[in-house]
Amino acid sequence: MIKENINYVEQVIDKACMESGRNRRDVTLIAVSKTKPVEMLQEAYETGCRDFGENKVQELVDKYEVMPKDIRWHMIGHLQRNKVKYIIDKVYLIHSVDSLRLAEEISKEAIKKAVDVNILIEVNVAGEESKFGTNMEEAKKLVRDVAKLPNVYIKGLMTIAPFVEKAEENRQFFQQLKKLSVDIAAENIDNVSMEVLSMGMTGDYSVAVSEGATLVRVGTGIFGERNYSVSI
Ligand SMILES: *Cc1c(COP(=O)(O)O)cnc(C)c1O
């Protein structure tokens, strides 16, 4: 089932790329495996997935220990400063940096472990109360401030769009994030790249790809519904 799901998602991405004139190689599918057991991740791995997304530090570390070492782990959930040290040398990309204090902690731990850490700035484009992320107005200043920190490299922006009935309703937010990334790129800030746009989930990744997503984060569409009452 997971194999078929991945093939289907890949086809949708292919189609969205074709229709919007994008190169398929510029879009990477992240399999969001939070709450799912390693057997399911293993199946996705065997299908060819090398990018996995988790939103809890402990779960990411546990899975990191047992899964193959060529996996690129993406931290996509809210990150508490006191937990940065556990994942700093295990993650490929942290998508959820939304404050200078968190970035400073990442920088501090990165220096300690002598690693360079790639991050995205999470932007709450729709301004939803319930969501983390810096707001549109503060995003540029945050990028400029974080850019000065050693061992931390901004690679782009990330957003979690609202939960909507129709994916089209989120197109405006994907367009706004893309525009913001173009604006920031034009500032040519040292140590800052805007090559990555992490946007689009099961309900709306096709729209996100057509608006320029380079990373799409698909969970339910690959692994099925999540059951939060069952612990893994
Ligand atoms: C859970 C999660 C996803 C995947 O959501 P689905 O709707 O299951 O595809 C994507 N991004 C983030 C940040 C998440 O927490």
Side-chain angles (χ1 to χ4, degrees), residues 1-2 4-13 16 27-37 40-41 43-44 47 49 51-63 71-80 83 87 91-99 102 118-134 139 155-171 173-174 177 196-232:
M1 198 55 192
I2 288 172
E4 286 77 10
N5 289 346
I6 290 172
N7 289 340
Y8 173 77
V9 172
E10 290 282 353
Q11 279 172 31
V12 173
I13 296 172
V27 183
T28 300
L29 170 63
I30 299 175
V32 176
S33 48
K34 62 192 189 193
T35 79
K36 299 298 179 183
M40 292 180 86
L41 279 71
E43 201 178 329
T47 304
C49 273
D51 292 86
F52 288 82
E54 290 286 337
N55 69 340
K56 296 240 158 51
V57 166
Q58 187 63 53
E59 193 174 340
L60 190 153
V61 171
D62 289 348
K63 288 172 175 171
I71 286 175
R72 294 179 288 267
W73 292 98
H74 296 257
M75 177 60 192
I76 61 173
H78 180 63
L79 181 56
Q80 286 171 299
K83 295 192 176 159
I87 58 159
V91 285
Y92 173 73
L93 183 65
I94 301 175
H95 293 226
S96 47
V97 178
D98 62 357
S99 74
L102 174 59
N118 291 330
I119 65 162
L120 303 178
I121 298 296
E122 179 175 353
V123 185
N124 184 355
V125 181
E128 290 180 286
E129 286 286 337
S130 59
K131 298 248 165 80
F132 292 104
T134 179
K155 295 293 171 190
L157 306 176
M158 176 271 220
T159 196
I160 304 175
F163 185 78
V164 290
E165 284 288 318
K166 293 198 187 69
E168 278 300 327
E169 294 170 41
N170 280 338
R171 187 178 294 275
F173 302 122
F174 299 142
L177 192 71
V196 177
L197 264 190
S198 170
M199 57 188 194
M201 309 175 19
T202 298
D204 56 20
Y205 65 92
S206 173
V207 176
V209 168
S210 70
E211 294 301 335
T214 66
L215 295 178
V216 291
R217 312 177 306 264
V218 179
T220 311
I222 293 176
F223 298 107
E225 295 288 334
R226 286 177 294 273
N227 183 348
Y228 287 99
S229 63
V230 179
S231 62
I232 57 153

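When a ligand or atom number is given, it counts from 1 through the structure's own listing order.
- Between the side chain of Thr159 and the main chain of Met199, no donor-acceptor pair closer than 3.5 Å is present.
- Under the 4.5 Å side-chain criterion, counting only non-hydrogen atoms from C-beta, Asn55 is not in contact with His78.
- Regarding atom 15 (O) of ligand 1, its nearest protein heavy-atom neighbour is Lys34 NZ, 2.6 Å.
- Taking every non-hydrogen atom of Gly219 and a distance limit under 4.0 Å, the qualifying atoms of ligand 1 come out as 4 (C), 6 (P), 8 (O), 9 (O).
- With hydrogens left out, the protein atom closest to atom 5 (O) of ligand 1 is Met201 CE, 3.5 Å, a heavy atom.
- Per-residue contacts place Ile160 under 4.0 angstrom from the following atoms of ligand 1 (heavy atoms of the residue considered): 13 (C).
- Atoms of ligand 1 lying under 4.0 Å from at least one heavy atom of Val218, given by number and element, are 9 (O).
- Of all protein heavy atoms, the one lying nearest to atom 11 (N) of ligand 1 is Arg217 NE, 2.8 Å.
- Looking at Thr202 next to ligand 1, an N or O pair under 3.5 Å apart turns up.
- Ligand 1 is approached by Arg226 to a heavy-atom distance shorter than 4.0 Å.
- The N/O atoms of Met158, backbone and side chain alike, include none that comes under 3.5 Å of an N/O atom in ligand 1.
- Among protein heavy atoms, the minimum distance from atom 12 (C) of ligand 1 is reached at Ile76 CD1, 3.5 Å.
- When each of Lys36, Lys34, His74, Lys63 is checked for a side-chain hydrogen bond (donor to acceptor under 3.5 Å, both in side chains) with Glu54, only Lys63 meets the rule.
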Yes or no on salt bridge (Lys or Arg N to Asp or Glu O under 4.0 Å) for Lys56 and Glu59, after CA distance, side-chain angles and deciding distance?
CA-CA 5 Å; Lys56 296 240 158 51; Glu59 193 174 340; 5.9 Å; no
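- Using a 3.5 Å distance cut-off with no hydrogens or angles, the side chains of Gln58 and Asp62 do pair a donor with an acceptor.
- Looking only at distances, no side-chain donor or acceptor of Asn5 sits under 3.5 Å from a matching main-chain atom of Phe223.
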Derivation of the side chain to side chain contact (heavy atoms under 4.5 Å, CB included) call for Val27 and Thr214
CA-CA 4 Å; Val27 183; Thr214 66; 5.9 Å; no
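- Closest protein heavy atom to atom 8 (O) of ligand 1: Thr220 OG1, 2.5 Å.
- Rounding to the nearest 0.5 angstrom, the gap separating the CE atom in Met75 from the CG atom in Leu60 is 7.0 Å.
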